[in-house]
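Some notes on the structure that comes next.
In this chain, numbering begins with 1 at the start of the sequence shown. In this text, all values refer to a predicted model and were calculated from it rather than measured experimentally.
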Amino acid sequence: MAQFDTEYQRLEASYSDSPPGEEDLLVHVAEGSKSPWHHIENLDLFFSRVYNLHQKNGFTCMLIGEIFELMQFLFVVAFTTFLVSCVDYDILFANKMVNHSLHPTEPVKVTLPDAFLPAQVCSARIQENGSLITILVIAGVFWIHRLIKFIYNICCYWEIHSFYLHALRIPMSALPYCTWQEVQARIVQTQKEHQICIHKRELTELDIYHRILRFQNYMVALVNKSLLPLRFRLPGLGEVVFFTRGLKYNFELILFWGPGSLFLNEWSLKPEYKRGGQRLELAQRLSHRILWIGIANFLLCPLILIWQILYAFFSYAEVLKREPGALGARCWSLYGRCYLRHFNELEHELQSRLNRGYKPASKYMNCFLSPLLTLLAKNGAFFAGSILAVLIALTIYDEDVLAVEHVLTTVTLLGVTVTVCRSFIPDQHMVFCPEQLLRVILAHIHYMPDHWQGNAHRSQTRDEFAQLFQYKAVFILEELLSPIVTPLILIFCLRPRALEIIDFFRNFTVEVVGVGDTCSFAQMDVRQHGHPQWLSGGQTEASVYQQAEDGKTELSLMHFAITNPGWQPPRESTAFLGFLKEQVQRDGAAAGLAPGGLLPENALFTSIQSLQSESEPLSLIANVVAGSSCRGPPLSRDLQGSRHRAEVASALRSFSPLQPGQAPQGRAPCTMTGSGVDARTASSGSSVWEGQLQSLVLSEYASTEMSLHALYMHQIPAQCPGLPLTSLGCPWEDGQRMGSRHQDILSPSQRRARRMSCPHRCTRYRQGRRGFPCSRMEATAALPTVCLP
């Protein structure tokens with residue numbers, strides 16, 4: 001990494017969100033006309049609190065939630081102390097006889113208070129236990145710290161509460177029913193009235209996202225460039241991923257906000273980290289800091305481990321009693337959430353995507369149940385169920401059976417065994433179709449390694465996907481092991497990467513006017529960080545070191561443009577979106593001319609309409625995924641990929657624009673793929689959307705459009721991983737032709753002649769990244785003819 005050495009630099013005006021001439025603008029407002037929200041110094045913290053209050057559904061809900069969190073900590077500590085020191089377990093387990101009756105011959109009846117020790121005895125036992133006293137003192141100090149922080153946060157959030165009421169004019173009762181886009185639009189308008197940021201006349205959606213997600217964007221980039229030590233090869237287990245909340249907390253503590261971190265404040269990197277002259281000294285300093293934090297984690301390991309065990313027990317014991325198979329369920333891992341996250345994607349947007357992909361992901365993983373494990377589970381359920389049935393029958397016949405020692409325990413354990421065994425028995429009506437399921441998953445999560453396509457049925461693909469979608473039991477186990485493993489990772493794995501981390505923050509930090517220092521990847525600039533395999537080959541100037549992996553820049557740009565339709569992207573981003581629009585139109589037109597077109601013209605509108613009905617909606621994505629495998633004779637992998645890409649393009653063309661005054665013909669307007677009326681920004685009085693396209697429907701509309709674009713774009717590198725599509729002569733357009741600055745405008749025949757005479761166009765990127773050259777003839781055959789103008 002050190003080979004690519006650049007200096008930190010202020011972002012040029014052409015890449016910033018400021019209008020021309022406002023790069024160094026400092027807005028002056030007369031003293032008497034200043035509002036309470038004029039020139040907020042720490043906008044990062046302010047916008048984060050505005051977002052948090054929105055996500056927590058208002059001030060009252062947030063206040064009660066914080067109070068209950070304090071009470072939970074107090075309850076766990078107090079209840080654990082009571083169980084350790086104030087319970088006579090001999091009486092509770094009937095090892096000691098207690099008789100309250102005056103007549104010894106009367107039957108003994110033990111009550112629960114009999115097992116509680118007197119207050120004096122309990123207090124004495126606590127005072128005699130030195131280790132318990134130490135733990136209670138530390139817990140008390142921590143709780144008082146949290147209480148002080150709670151009081152401070154309440155005062156700060158009261159100001160945010162006033163901001164919602166008076167500046168944004170949103171009452172707390174209406175806040176749970178307002179989308180974040182509505183709140184954000186009002187913040188943009190409030191800037192014009194109150195000048196909450198004095199360095200710019202106008203705020204954009206990207207400015208707000210940058211301030212809320214400044215450090216999160218850095219984390220996404222660090223994971224994308226594989227700079228954090230998260231993958232390990234263990235004997236007998238192979239490659240494993242370990243990323244827990246405790247480890248993430250330590251990463252953020254070291255890099256962003258802890259004592260001696262790389263940042264001077266929330267919005268500015270320290271000056272010494274912006275220059276390359278002291279990189280070795282800074283790396284040594286960072287290495288020492290990581291060492292000391294690792295040692296601190298090691299010393300605090302016993303306390304943190306005890307807390308993790310207690311909290312996990314109190315959190316999951318009742319769930320396991322109610323649903324014994326809950327540990328067999330799956331959840332998105334913390335590594336998966338970071339790997340799948342777009343640049344500039346808020347938490348609720350990410351959660352919405354992952355929630356949509358949960359069911360198909362569960363079905364996909366269930367396709368790989370081991371036949372041997374299924375056989376053992378069936379027989380285990382049979383034997384345990386047989387014994388359980390006999391005990392239940394005996395209990396029904398005579399309830400005194402429950403009085404026999406360990407009978408109730410046996411019944412409980414047998415019930416849990418039966419439930420767990422049934423979770424490993426697949427549905428006998430399930431159809432094994434991993435390829436289709438993986439495409440549905442891709443439509444929602446948007447990211448997938450290239451080598452998964454066509455290999456969804458292999459155990460290797462399943463194991464790699466399990467790193468993103470892990471068992472709940474594995475998640476709990478990793479969190480319990482985190483206090484032990486985290487110090488080892490910090491000391492032995494993160495320290496050797498100190499120099500690479502220093503270089504990363506210097507090379508990939510830019511100053512944006514009115515925002516401060518941000519991760520350059522978060523600019524979503526295809527020229528600086530685009531990848532030639534993802535339609536950026538004609539404009540990107542990025543080296544291999546600068547390229548974002550897995551199409552992160554292109555897909556993030558696409559997602560942000562669709563989520564925020566009012567945002568005006570920079571010139572290069574506009575060119576990329578325009579080129580993609582033209583490419584979709586070409587591929588979709590070719591699919592429409594082919595025999596047996598994919599979808600009726602009003603399929604999208606039917607899908608959106610069905611969201612308002614009580615029945616299950618017609619899934620446009622499901623139709624696209626099923627189209628490739630249900631139509632026509634079997635084809636080779638390359639031809640099947642070409643057909644699938646054309647079918648997705650045909651579906652995207654169903655997002656056709658409505659011109660002003662045009663009556664709807666059963667279609668939804670386009671947001672990005674056309675230049676008509678934007679469904680998500682249409683007025684509430686529009687006859688097209690009135691009564692149907694409410695906030696939920698508009699969200700589904702945007703999600704469907706992004707899902708189709710993700711499917712479409714993943715087909716491009718899959719058909720020829722080494723060939724940038726723009727080198728085949730596809731123009732960059734946005735209403736007018738915008739060719740590369742370093743290429744002449746050629747006719748189609750000239751472009752074909754140049755392509756046939758330049759074999760390195762196919763191999764240069766493939767060899768640079770993976771070392772697998774792709775021949776010129778393979779590249780040409782892999783791409784559909786509609787890409788050749």
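- The shortest non-hydrogen separation linking P229 to C493 is CB-CB, 3.7 Å.
- Residue pairs meeting the ring-ring contact (aromatic ring centres under 6.0 Å, His included) criterion with at least one partner in residues 48-70, sequence neighbours excluded, are Y51-W180, Y51-H348, H54-W180, F59-W158, F59-H161.
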Report all side-chain donor-acceptor pairs from residues 301-314 shorter than 3.5 Å, counting only partners two or more places apart or in another chain.
residue, atom, partner, partner atom, Å
Q308, NE2, E479, O, 3.0

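- No donor-acceptor distance shorter than 3.5 angstrom exists from the side chain of N129 to the backbone of R125, with no hydrogens or angles considered.
- Between P487 and N297, the shortest heavy-atom distance links the atoms CG-CB, 3.6 Å.
- Pairing each heavy atom of C178 with each of V183, the nearest pair is CB-CG2, 4.4 Å.
- Between Q470 and V474, the shortest heavy-atom contact is NE2-CG1, 3.7 Å.
- Heavy atoms only, all atoms of each residue included: A384 and V418 are closest at CB-CG2, 3.8 Å.
- Judged by distance alone, the side chain of D517 and the main-chain N or O of L269 form a donor-acceptor pair under 3.5 Å.
- Heavy atoms from other residues, nucleotides or ligands lying under 6.0 Å from CH2 of W257 number more than 12.
- No more than 12 heavy atoms of other residues, nucleotides or ligands lie within 6.0 Å of OH in Y152, so this atom counts as exposed by the packing criterion.
- Listed by first then second residue, pairs satisfying ring-ring contact (aromatic ring centres under 6.0 Å, His included) with a partner in residues 358-382 read Y358-F469, Y364-F368, Y364-F465, not counting sequence neighbours.
- Classification of R337 and E345 as a salt-bridged pair fails, no side-chain N sitting under 4.0 Å from a carboxylate O.
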With a 3.5 Å cut-off and sequence neighbours excluded, list the donor-acceptor pairs that the side chains of residues 397-404 form with protein atoms.
residue, atom, partner, partner atom, Å
D398, OD1, D400, N, 3.1

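- The disulfide bond (SG atoms under 2.5 Å apart) contacts involving residues 45-86 comprise C86-C122, where partners must be two or more places apart or lie in separate chains.
- Residues that satisfy the side-chain hydrogen bond (donor to acceptor under 3.5 Å, both in side chains) test with R330, not counting sequence neighbours, are Y471.
- At distances below 3.5 Å, not a single donor-acceptor pair connects side-chain atoms of R341 with backbone N or O atoms of Q216.
- No side-chain donor-acceptor contact under 3.5 Å links T244 to the backbone of E478.
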